[in-house]
Amino acid sequence: ELATGQSTDSYNAENRKMTAMEVRNIREQLMQTAGIRHGNSYVFSGHQSDQTPFQVDMTGQVVFQGDWGEVPLLVGEDAKIDLSTPGGAVFSGMIDAADVPPSGTDIFAVIDDLVAALESNDGDGIRSQLPRLDDALNQVLDARADVGSKLNRLERTDNYWETFRLDISERLSMAEDADLAETLAD
């Protein structure tokens, strides 16, 4: 939305510099989201859950530091759900560790390029980021859908096991009631 508005030639350099500051704040929020924890574990780090998944290198580029290890949850006999969502896929557009340069969209690079275009009052540069921002949004939406499908599967599995537990409890109660009736009859 900010980029679309600033891509028109009706904004001046001062407006665009102010917008660049706002986009920088969004980048910082994104870094915080990319480094979110659940308990003591970083969500987007794979097996390296004790390490922050993203670091800013000496050049100011954001680099994925996690791995692609799956974090499985055993939900039944020979049934497991991968709870992990690799941060490299969500934020850096990587398919796997060997995907360098990324085949997807590096969201941090897009934001950095947008900030540079805003700060230099480059309308064409701002407009060139619009398709990349759309790609970044789609990449995040795909990851969100993947997480949603995992959550749905976990909920279905939880419902299955709750129904199973109630069924076993009912059968146990019936067996105990039958044994009590037989004992009283004897």
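FYI, side chains are in, hydrogens and waters are out, and symmetry mates aren't considered; it's all heavy atoms of this structure.
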At what distance, to the nearest 0.5 angstrom, does [atom1] of [X] lie from [atom2] of [Y]?
X      : Y      : atom1 : atom2 : result
Lys17  : Gln6   : NZ    : CD    : 13.0 Å
Asn121 : Glu14  : CG    : CD    : 10.0 Å
Ile36  : Ser41  : CD1   : OG    : 12.5 Å
Met21  : Ile26  : CE    : CD1   : 12.5 Å
Gln129 : Asp113 : CD    : CG    : 5.0 Å
Leu30  : Phe108 : CG    : CZ    : 4.0 Å

Any side-chain heavy atom of [X] within less than 4.5 Å of one from [Y]?
X      : Y      : value
Asp124 : Arg127 : yes
Leu154 : Thr157 : no
Ile126 : Asp122 : no
Gln55  : Asp57  : no
Thr85  : Val43  : no

Exercise. Salt-bridge test for Arg132 and Asp106: reply yes if a basic N is under 4.0 Å from a carboxylate O, no otherwise.
Key: no

Quiz prompt | Ion pair Arg165/Glu162, N-O distance below 4.0 Å | solution = yes

Quiz item: Can you list every ring pair (Phe, Tyr, Trp, His ring centres under 6.0 Å) pair that touches residues 140-173, not counting sequence neighbours?
Solution: Trp161-Phe164

Practice problem: Taking side-chain contact (heavy atoms from CB on, under 4.5 Å) as the test, write out the residues that go with Asn152, two or more places apart. | Solution: Glu155, Arg156

[X] side-chain N/O to [Y] backbone N/O, donor-acceptor pair under 3.5 Å:
X      : Y      : value
Ser173 : Glu170 : no
Gln139 : Val90  : yes
Thr52  : Gly35  : no

Exercise. Answer yes if Tyr42 and Ile107 sit in the same cluster of Ile, Leu, Val, Met, Phe, Trp and Tyr residues linked by side chain heavy atoms under 4.5 Å apart, and no otherwise.
Key: no

Quiz item: Do the side chains of Leu137 and Val115 join up, straight or via other hydrophobic residues, at under 4.5 Å, putting them in one cluster?
Solution: no

